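When reading the values below, keep in mind they use all heavy atoms of this one structure, side chains included, and skip hydrogens, waters and symmetry mates. All residue numbers refer to positions in the sequence shown, counting from 1. None of the values given here were measured: they were computed from a predicted structure.
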Amino acid sequence: MSIDINLLWIVAGCAIVTWLPRIIPFMFVRNIRMPRLVLRWLKFIPVCILSALVFGSLLQQTDSWVTFNWHVLLAFLPALAVAVWKKSLSLTVIVGVVCMAVIRFII
């Protein structure tokens, strides 16, 4: 398999386009002193995004009802227990991924 130089340029361009919107905001606000209220508000953003992602896959709509996706619920409960008990994001993600892998392997 050969790699074309144009493909390498496309991959590099995609990497830059993905990286820039994540870095530029930090460059603008790193020297700005934000009010305490804004900092308190910003602490809730990761929780809100994670909740939206989790509940978006946990609940599924059928006709006019909303039901649980039971496979996801079985992986969610141990991950939630680890999150509450250990308060470690990496350990929570590892437990959730392993539980989901085991459930998909069994079912």
Side-chain angles (χ1 to χ4, degrees):
M1 181 173 138
S2 65
I3 298 177
D4 186 21
I5 190 70
N6 291 330
L7 181 63
L8 289 176
W9 281 112
I10 290 172
V11 170
C14 290
I16 290 170
V17 167
T18 301
W19 182 70
L20 283 177
R22 297 174 185 192
I23 297 302
I24 290 175
F26 290 112
M27 292 171 54
F28 283 123
V29 298
R30 71 176 175 205
N31 295 328
I32 297 173
R33 187 99 173 135
M34 294 204 184
R36 177 176 266 179
L37 181 65
V38 172
L39 293 175
R40 282 186 49 207
W41 178 76
L42 286 173
K43 287 183 181 181
F44 290 103
I45 290 177
V47 174
C48 293
I49 292 172
L50 187 59
S51 298
L53 291 172
V54 167
F55 286 107
S57 63
L58 188 61
L59 301 173
Q60 64 188 47
Q61 185 174 355
T62 58
D63 296 333
S64 61
W65 295 93
V66 175
T67 60
F68 283 110
N69 185 345
W70 293 104
H71 300 115
V72 176
L73 182 64
L74 288 174
F76 172 71
L77 293 175
L80 179 65
V82 168
V84 170
W85 181 42
K86 290 290 187 176
K87 296 184 180 26
S88 167
L89 180 61
S90 58
L91 188 59
T92 302
V93 170
I94 290 170
V95 168
V97 168
V98 168
C99 288
M100 196 69 220
V102 168
I103 290 168
R104 287 186 178 174
F105 182 73
I106 292 173
I107 296 176

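Judged as a side chain to side chain contact (heavy atoms under 4.5 Å, CB included), and not counting sequence neighbours, the contacts of S57 are V72. In this view, V97 and V93 satisfy the side chain to side chain contact (heavy atoms under 4.5 Å, CB included) rule, not counting sequence neighbours. Here I107 pairs with H71, I103 under the side chain to side chain contact (heavy atoms under 4.5 Å, CB included) rule; sequence neighbours left out. Legend: residues meeting side chain to side chain contact (heavy atoms under 4.5 Å, CB included) with I49, ordered by chain and number and at least two apart, are I45, L53. Evaluation of the ring-ring contact (aromatic ring centres under 6.0 Å, His included) rule for F68 yields W70 as partners, not counting sequence neighbours.
The two residues A75 and P78 have their closest heavy-atom pair at O-CD, 3.4 Å. Heavy-atom minimum distance, T18 versus P21: O-CD, 3.5 Å. Taking each heavy atom of A79 and G96 in turn, the nearest pair found is CB-CA, 3.9 Å.
Note on L50 and I94: separate hydrophobic clusters, where clusters join Ile, Leu, Val, Met, Phe, Trp and Tyr whose side-chain heavy atoms are under 4.5 Å apart, directly or indirectly. I3 and I5 end up in the same hydrophobic cluster when Ile, Leu, Val, Met, Phe, Trp and Tyr side chains are linked at under 4.5 Å. L80 and L59 fall within the same hydrophobic cluster, defined by Ile, Leu, Val, Met, Phe, Trp and Tyr side-chain heavy atoms under 4.5 Å apart, directly or through other members. Residues L74 and V98 are members of one and the same hydrophobic cluster, defined by side-chain heavy-atom contacts under 4.5 angstrom among Ile, Leu, Val, Met, Phe, Trp and Tyr.
Atom CE of M34 sits about 6.5 Å away from atom CG of L39, to the nearest 0.5 Å. Within the model, atoms CG of N69 and OG1 of T62 stand 11.0 Å from one another, a figure rounded to the nearest 0.5 Å. Atom CD of Q60 sits about 9.5 Å away from atom CG of L58, to the nearest 0.5 Å.
Apart from W65 itself, the hydrophobic cluster it occupies contains nothing, where clustering links Ile, Leu, Val, Met, Phe, Trp and Tyr at side-chain heavy-atom distances under 4.5 Å. Under a 4.5 Å side-chain heavy-atom criterion applied to ILVMFWY residues, the cluster that includes L91 comprises V82, V95 as well. Under a 4.5 Å side-chain heavy-atom cut-off, the cluster of Ile, Leu, Val, Met, Phe, Trp and Tyr residues that includes W85 has no other member. Using a 4.5 Å cut-off between side-chain heavy atoms of Ile, Leu, Val, Met, Phe, Trp and Tyr, I10 forms no hydrophobic cluster with any other residue.
Using a 4.5 Å cut-off on side-chain heavy atoms (C-beta onward), V102 and F105 make no contact.
For residues 9-63, the set of pairs meeting the ring pair (Phe, Tyr, Trp, His ring centres under 6.0 Å) definition, not counting sequence neighbours, is empty.
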